[in-house]
Visitor: 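One structure coming up, written as structure tokens, with questions to follow.
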Amino acid sequence: MTTIWGIILFIISSIGYVGQVISAIWPETGVKLGLTEAEADVDPAFYADIRGEAFWDTVILWTLPAAGILLALNNPLWAYFGLVGGGIYLYFAGRGIIVRRVMQRRGIRIGEPGSLKVALTFLTLWGLAAVITIIMAIAALPIS
């Protein structure tokens with residue numbers, strides 16, 4: 001079961017990581033792939049926020065895919081990467097959902113309803129994967 005979760009975790013979290021890498025380095029490609037919004041379609045402050053987030057996420061989001069690989073390989077170090085990566089993805093998901101909802105309620109342009117629905121769906125998926133991984137990692141840690 002842990003090997004299967006490792007593979008699932010790697011796939012789910014890699015979608016987030018690779019998406020942010022593409023959005024940070026090739027924003028036009030990110031728009032074409034539906035990973036991010038075009039600058040003209042959203043409020044300038046929201047665009048600046050998601051661009052900055054994409055750059056920072058390129059630096060830190062690799063930890064959960066690494067946990068998935070280590071878990072699939074049954075390497076005990078996976079739990080530490082799972083805790084760190086899970087925490088990062090939980091923050092990433094929670095912040096993404098809350099910021100979009102608050103901006104939406106304030107009438108700030110954050111994209112088309114369809115793309116917002118996709119974003120919220122994936123953010124929820126990443127948040128759930130993070131929680132599951134954190135619980136599994138805590139259970140896997142050696143007790144002294």
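Count residues from 1 along the sequence.
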Visitor: Nearest 0.5 Å please: distance from the CD1 atom of I50 over to the CD atom of E39.
Guide: 9.5 Å
Visitor: Is the shortest heavy-atom distance from the side chain of F46 to the side chain of R100 under 4.5 Å?
Guide: yes
Visitor: Does the side chain of L64 come within less than 4.5 Å of I88's, by heavy atoms?
Guide: no
Visitor: Considering only heavy atoms from C-beta outward, does the side chain of E53 approach that of T36 to under 4.5 Å?
Guide: no
Visitor: Side-chain contact test, heavy atoms from C-beta onward, threshold under 4.5 Å: evaluate it for K32 versus I22 and give yes or no.
Guide: no
Visitor: What distance separates F122 CZ from I12 CD1, expressed to the nearest 0.5 Å?
Guide: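 With rounding to 0.5 Å, CZ (F122) is 9.5 Å from CD1 (I12).
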Visitor: May I ask you to test the N74-T3 pair for a side-chain heavy-atom distance under 4.5 Å?
Guide: no
Visitor: Does the side chain of Y17 reach to within under 4.5 Å of the side chain of F10, using non-hydrogen atoms?
Guide: no
Visitor: Report yes or no: does R109 contribute a side-chain atom to a donor-acceptor pair with the main-chain N or O of P44 at less than 3.5 Å?
Guide: no
Visitor: Tell me the closest heavy-atom pair linking A137 and G82, and the distance in Å.
Guide: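 The pair with the smallest heavy-atom distance is CB-C, 4.4 Å.
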Visitor: Report the relative orientation of the aromatic rings in F92 and W126; use parallel for angles under 30°, tilted for 30 to 60°, perpendicular for over 60°.
Guide: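 Tilted, since the angle between the ring planes falls between 30° and 60°.
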Visitor: Between W62 (side chain only) and V59 (backbone N and O only), is there a donor and an acceptor less than 3.5 Å apart?
Guide: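 Yes: the side chain of W62 pairs with the backbone of V59.
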Visitor: Do the non-hydrogen side-chain atoms of W5 and T133 ever get within less than 4.5 Å of each other?
Guide: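 A side-chain contact exists here, since the closest heavy-atom pair is under 4.5 Å.
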